[in-house]
Student: 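Dropping the structure in here first, questions after.
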Protein chains: 2
Amino acid sequence: QQIQHLAGTSAPTTIIHLARLLVFLVLLGIIPSTIIFLVDISVHKVFDLRESIIELDIHSPLAVFLFALTGVALCLASTFVCHLCSTEAEGSGIPAMKSLMSGFYDKVKPALSLWALLAKTVGLVCAIGGGLPVGWEGPNVHISCIVAHHLSRLPPFRALRRDRALRMQIMACACAVGLASSFGTPIGGVLYALETTASFYLVPTFWKCVLATLAGSFVYDMLYKTPLVEAFANTSFGDTPYRGQLPAFMLLGALLGLLGAFFVRCVHTLYLLRKRRLPGTNRYVLLFVFGLVAALLQYPLPNFRLDPRLAINDFFSAEKMDMFSLPEVAILVLVKFPLIVISIGLPVPAGVFIPCFLVGAGLGRLYGELLNLLFGQNVVAGGYAVVGAAAFTAGVTRALSVAVVIFEVTGQLKHTMPTLAAVLISVIFANGINRSLYDALIIMKRLPYMPHMRRDRTPEQKVHHIMRTDVISLPEFCSLVQIRETLDKYQSFDSFPIVTKDGLLLGSVRRRSLLNLITRANANIPAEAHTAKPIERHAQAPQESEESPDKDLSVQEADLSVMESEDEQARKQLIPQDQLTINQSFRTRLEPDLSPLIVTANTSLSQLHFMFVMLMPTHAYVLIGGELQGIVTRGDLVQSGEPPNLPSHPHLSELAPT
Amino acid sequence: QQIQHLAGTSAPTTIIHLARLLVFLVLLGIIPSTIIFLVDISVHKVFDLRESIIELDIHSPLAVFLFALTGVALCLASTFVCHLCSTEAEGSGIPAMKSLMSGFYDKVKPALSLWALLAKTVGLVCAIGGGLPVGWEGPNVHISCIVAHHLSRLPPFRALRRDRALRMQIMACACAVGLASSFGTPIGGVLYALETTASFYLVPTFWKCVLATLAGSFVYDMLYKTPLVEAFANTSFGDTPYRGQLPAFMLLGALLGLLGAFFVRCVHTLYLLRKRRLPGTNRYVLLFVFGLVAALLQYPLPNFRLDPRLAINDFFSAEKMDMFSLPEVAILVLVKFPLIVISIGLPVPAGVFIPCFLVGAGLGRLYGELLNLLFGQNVVAGGYAVVGAAAFTAGVTRALSVAVVIFEVTGQLKHTMPTLAAVLISVIFANGINRSLYDALIIMKRLPYMPHMRRDRTPEQKVHHIMRTDVISLPEFCSLVQIRETLDKYQSFDSFPIVTKDGLLLGSVRRRSLLNLITRANANIPAEAHTAKPIERHAQAPQESEESPDKDLSVQEADLSVMESEDEQARKQLIPQDQLTINQSFRTRLEPDLSPLIVTANTSLSQLHFMFVMLMPTHAYVLIGGELQGIVTRGDLVQSGEPPNLPSHPHLSELAPT
């Protein structure tokens with residue numbers, strides 16, 4: 001099943017399956033886009049309301065007070081709703097989605113609750129409405145993933161969830177829709193989803209993303225072409241040749257790349273500083289202070305209170321700017337930069353694209369105006385603003401797809417080459433200095449992330465250096481009592497390895513199959529019947545199990561080290577204990593029905609890491625001369641998000657060559 | 001090494017490595033683009049020359065004769081150069097590159113020779129110049145891959161080749177450059193490379209592709225903006241709203257998708273027909289007949305002799321067409337369609353994009369003009385031509401990136417939504433009927449291709465159904481004589497599994513390590529020294545070996561069934577036979593220095609296929625209770641290109657549950 005989709009050469013199994021998938025993807029495009037529009041229009045209303053306060057009388061202290069009060073109240077409301085509903089809604093959301101897409105669906109699941117959706121939407125409206133310089137594309141991606149998660153749990157689409165590869169593809173589509181519907185950029189969204197994917201991108205995701213973003217763009221097009229909210233305006237650069245200016249564009253890219261890296265560094269430093277100096281700061285105090293500062297800074301300058309899209313449109317214009325003078329642009333950039341750095345770390349929903357666009361466009365405009373002054377009319381400053389917006393955002397996020405987003409936002413392909421060149425140079429320069437903002441946030445928030453190997457591991461280490469030797473296994477010939485005891489004791493394990501009496505690995509068996517075996521034995525079915533063709537019978541197990549579709553993925557990984565399980569009660573009831581009196585001592589032969597990932601003890605960690613990244617298993621068994629000698633779980637190898645509590649490594653002297 | 005690039009989270013090891021890579025990628029952009037331009041300008045010269053014959057006197061029989069003669073001569077020359085230099089240069093080249101990118105670098109290597117480059121370029125000039133309706137994007141992709149292959153073998157870049165993952169990424173970049181430089185479409189090229197990649201796309205490929213295509217586009221921009229050859233003109237659609245016409249665009253997409261599928265079917269049927277009815281047809285006879293037909297058809301109509309780009313530009317125009325009347329468009333499409341179908345199968349270099357663009361644009365224009373007639377001036381027929389070109393090409397190639405290519409070609413993002421929608425519908429409809437043209441060609445040409453499982457395998461089969469049991473292994477304690485005999489006997493094997501005396505698998509050892517062992521033993525180094533820390537010592541082997549960098553990839557896979565090797569002499573000399581008199585009977589302990597892919601016998605083929613696709617190994621060992629019982633090579637599982645000669649499968653009754 002999984003393979004078929006992965007290979008992508010054949011159509012999905014049936015017409016019904018395909019139809020289901022198509023409807024799902026269209027809905028996945030439409031629903032988040034609608035939510036995103038509603039959020040945007042709410043923000044707009046809040047803006048208008050606060051603007052009307054100022055319009056009363058700009059010089060009255062009452063207006064200042066009311067403006068600041070509403071700002072602070074909204075900021076507090078934003079963090080309150082996150083505090084109340086789901087703290088997972090704080091921040092951008094993209095780091096969590098990157099973690100999810102690298103294979104940690106289950107660990108990130110709390111961030112996919114409907115409470116998180118509520119907190120994210122309401123919190124976002126309050127945060128932007130309250131005057132925080134935050135963007136909405138990260139939260140939108142998050143919102144869209146939550147919608148995808150819950151949509152796929154509805155009965156008509158549940159069949160889609162069963163396929164692990166397809167589930168990952170659906171989440172990639174959700175990411176694409178989130179970004180595409182923020183800006184009305186279907187192709188940019190698809191490319192962004194590609195780059196968000198941690199390490200490899202399944203090619204069949206591509207058409208699914210296109211369909212979903214297309215449906216989303218259709219909604220965007222319908223709604224944003226109304227005069228209800230501001231949208232990005234198309235640029236209209238003429239045919240002025242710019243080929244000679246390519247070096248200037250590239251220099252701009254390099255400078256903004258370095259600035260982007262500096263931005264990430266600032267966010268990181270601020271985070272460390274706050275953690276060390278002000279470890280217990282109340283979230284409300286933070287928001288109160290910052291909301292007040294933001295309100296007071298914005299009050300005197302109407303341009304500061306503008307929807308960033310209007311400012312960006314002005315920076316991008318081919319002619320003279322309408323709303324900004326050059327010193328105003330400079331002040332805007334200087335003031336906004338630190339504000340943005342701070343707000344990214346605040347406990348409210350906060351995106352980063354739009355603020356970066358704004359700063360980058362401003363800087364690009366200034367740079368362009370300077371060049372215009374120096375070299376004359378051939379230099380269109382608006383073009384530099386476009387390139388600057390893309391380059392700075394790329395320097396922060398390290399996403400090349402920003403270039404495509406900007407083409408679609410501006411509706412012109414005029415600056416293809418300078419934009420691509422500047423973005424590429426920006427990313428290369430910034431990567432030379434530090435990680436992307438999202439990767440930095442992943443590390444700060446201790447999210448599990450597959451492509452990062454744990455810091456206490458080196459690629460040259462061998463598997464036998466890190467494996468755990470306390471593997472729980474079942475013997476080939478095993479009594480029902482023994483099975484039941486093992487199942488009881490290791491409630492959280494989803495499968496068990498089976499070994500011969502010499503410890504040689506035969507394969508592994510699902511918990512479910514063992515439970516079936518016990519149930520059947522107690523129902524007095526002759527014992528021989530179990531073992532006659534158990535492989536075929538057990539192979540049907542995955543289709544039967546819809547009650548816990550995610551269990552296979554990571555339960556075992558997460559809890560192999562934790563010997564006590566929390567949901568003991570939930571599982572225990574599955575074993576009909578009262579019937580266990582019969583056949584207690586009967587020894588049955590266990591047949592493996594799973595094929596675990598097996599490696600030899602001298603496999604290098606770099607190779608094992610490669611296998612974990614590509615195959616996304618939860619664990620691998622380690623064989624030494626055919627004997628099951630150890631186990632390595634995903635958490636033993638990759639950055640798992642938990643503080644590293646190293647298991648004791650027994651000295652494996654027997655492995656050293658003698 | 002491999003992992004680091006794959007994960008893409010850290011920068012390449014050193015600044016030098018990065019600089020090398022950057023220079024390489026820029027060259028990879030520049031060189032193929034220049035070659036492509038030179039080919040194009042040569043075609044143009046040939047066109048002009050033949051055109052001048054007609055201009056003498058269009059009604060004279062001499063002119064007809066000369067025109068036909070030159071046409072036929074050029075067609076014959078095209079196939080002659082392929083026949084002489086490299087038959088691998090025939091056809092599109094994209095199927096071979098798809099096969100390469102799915103993991104069969106070595107098998108496709110003959111297609112990467114410099115002879116193939118010569119045949120492809122000269123053959124392409126003659127074929128297009130001779131009036132065959134063939135495109136150049138497929139050959140350009142091929143040319144670009146050949147350049148990448150040879151460029152990476154130059155001393156400064158050889159270090160890049162060592163990294164298998166990087167090597168694959170470089171080939172993806174080459175594909176991107178090939179397409180991007182054919183049309184001047186950097187983003188479209190990058191996306192096309194993504195779709196060409198068989199099943200998964202390593203995300204770090206993305207920036208490399210962007211850099212290479214950008215360098216290529218720079219060259220394109222410089223050269224094609226000269227008046228030397230025709231280039232695509234930008235379209236200039238006004239602001240006529242088209243939202244209400246979306247259903248019409250979608251219908252066009254569906255129709256052209258079906259037509260695209262029909263096109264693929266025609267190509268396939270024609271291929272089978274030719275193979276059955278005319279098995280021994282001489283290539284020159286084919287080309288003579290077809291060249292004559294093409295020349296005679298083109299002679300009377302000047303529009304048939306046009307550079308297809310000029311015709312496409314005319315179809316795309318927002319106004320009335322300059323050069324074509326509507327009946328002429330209809331005739332062009334009707335005549336070109338079968339001609340294109342036939343020429344794809346001819347033994348000359350032949351692309352498919354441009355001819356498909358032409359037919360699709362023509363059909364779209366006709367459809368648009370019809371709508372215009374029915375619904376009035378709001379319908380811009382040129383817009384339908386744009387959408388039609390994209391939709392038909394997508395229907396044939398199943399590449400969604402065609403949509404992006406067309407945006408870049410036309411320089412307008414005006415029709416984003418209708419184009420994307422039509423292309424998507426076209427691909428979905430066409431996929432419902434058959435495979436893409438490239439996949440069909442891969443099957444016709446029996447190329448190895450990883451995503452296709454062999455037809456005699458089903459995903460439900462288990463590994464023990466298909467494994468070979470005649471595994472060649474070395475015992476743990478082994479005399480030098482035994483090692484030497486094994487090395488001599490199985491010259492083509494690159495590694496050998498090591499088993500205990502009970503047949504339990506310990507790991508596997510490289511041929512190179514065994515050779516080292518023998519050499520060292522003969523140099524009278526005390527035997528204990530070999531086995532003291534052999535893992536560390538052997539681990540350095542891959543860095544030392546530059547003489548056969550590709551051997552690791554697939555030699556073992558290809559030849560495990562073939563017991564006689566052809567290059568016996570070449571390898572034998574590595575063993576210093578005259579020195580083997582000493583230490584003949586000394587039994588040394590072999591240490592495994594490789595970690596092979598291991599699976600249990602009841603692993604399903606779908607799972608094994610997944611592992612082969614994702615990890616690209618050449619073989620997997622099959623364990624039953626720790627014992628090495630079988631081996632499955634890549635060729636046993638995936639479509640290997642060779643006629644299926646099934647190995648005898650011993651009846652594995654011992655595996656059936658008892």
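Throughout, protein chains are lettered first and strands after them, A, B, ... in sequence-line order, and every chain is numbered starting at 1.
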Student: Does a donor on one side chain and an acceptor on the other come within less than 3.5 Å for A:Glu476 and A:Thr500?
Tutor: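 Per modelled atom types, A:Glu476 and A:Thr500 side chains form no pair under 3.5 Å.
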Student: Give the intermediate values and the outcome of side chain to side chain contact (heavy atoms under 4.5 Å, CB included) for residues B:Glu195 and B:Leu400.
Tutor: CA-CA 8 Å; B:Glu195 291 191 288; B:Leu400 295 172; 3.7 Å; yes
Student: Side chain, backbone, both or neither: which part of A:Ile598 has a non-hydrogen atom closer than 4.5 Å to chain B?
Tutor: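 Both backbone and side chain.
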Student: Where does A:Asp221 contact chain B at under 4.5 Å (heavy atoms): side chain, backbone, both or neither?
Tutor: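 It is both, since atoms from each part get that close.
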Student: Where on A:Leu211 is there a heavy atom nearer than 4.5 Å to chain B: the side chain, the backbone, both, or neither?
Tutor: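 Contact with chain B involves both backbone and side-chain atoms of A:Leu211.
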Student: Is A:Leu246 in contact with chain B via its backbone, its side chain, both, or neither, using a 4.5 Å heavy-atom distance?
Tutor: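 The side chain, not the backbone.
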Student: Once side-chain hydrogen bond (donor to acceptor under 3.5 Å, both in side chains) is applied, do any residues pair with B:Thr205, and if so which ones, sequence neighbours excluded?
Tutor: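 B:Thr205 satisfies side-chain hydrogen bond (donor to acceptor under 3.5 Å, both in side chains) with no other residue.
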Student: Side chain, backbone, both or neither: which part of B:Leu22 has a heavy atom under 4.5 Å from chain A?
Tutor: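 Only the side chain of B:Leu22 comes within 4.5 Å of chain A.
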Student: Which bit of A:Leu628 is near chain B, if near means a heavy-atom gap under 4.5 Å: side chain, backbone, both or neither?
Tutor: neither
Student: Give the C-alpha distance, both sets of side-chain angles, the deciding distance and a yes or no for side chain to side chain contact (heavy atoms under 4.5 Å, CB included) between A:Leu506 and A:Glu591.
Tutor: CA-CA 8 Å; A:Leu506 289 169; A:Glu591 286 290 338; over 6 Å; no
Student: Return the option, out of B:Thr600, B:Leu214, B:Asn234, B:Leu191, with the maximum number of heavy-atom pairs under 4.5 Å with chain A.
Tutor: B:Leu214
Student: I'd like to verify something: which residue of A:Val427, A:Val423, A:Leu413, A:Ile498 has the highest number of heavy-atom pairs under 4.5 Å with chain B?
Tutor: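 Highest number of pairs under 4.5 Å: A:Leu413.
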Student: Under 4.5 Å, counting heavy-atom pairs only, tell me which of B:Gly625, B:Ser401, B:Ser217 racks up the most with chain A.
Tutor: B:Gly625
Student: Taking A:Val190 as the fixed residue, which of A:Thr213, A:Thr185, A:Val404 is the one that meets the side chain to side chain contact (heavy atoms under 4.5 Å, CB included) rule?
Tutor: A:Thr213
Student: Would you call A:Leu605 and A:His609 a side-chain contact if the rule is heavy atoms closer than 4.5 Å?
Tutor: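 Contact flag for A:Leu605/A:His609 side chains = no.
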Student: Report the C-alpha distance between A:Leu637 and A:Leu608 in whole Å, list the side-chain angles of each, state the deciding distance to 0.1 Å, and finish with yes or no for side chain to side chain contact (heavy atoms under 4.5 Å, CB included).
Tutor: CA-CA 8 Å; A:Leu637 189 66; A:Leu608 189 67; 4.1 Å; yes
Student: Decide, yes or no, whether a salt bridge links B:Lys98 with B:Asp439 under the criterion of side-chain N to carboxylate O below 4.0 Å.
Tutor: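 A salt bridge is present here (some side-chain N lies under 4.0 Å from a carboxylate O).
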Student: Which bit of B:Leu420 is near chain A, if near means a heavy-atom gap under 4.5 Å: side chain, backbone, both or neither?
Tutor: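 The answer is both parts of B:Leu420.
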Student: Given a strict heavy-atom distance threshold of 4.5 Å, which part of A:Glu408 is in contact with chain B: side chain, backbone, both, or neither?
Tutor: both
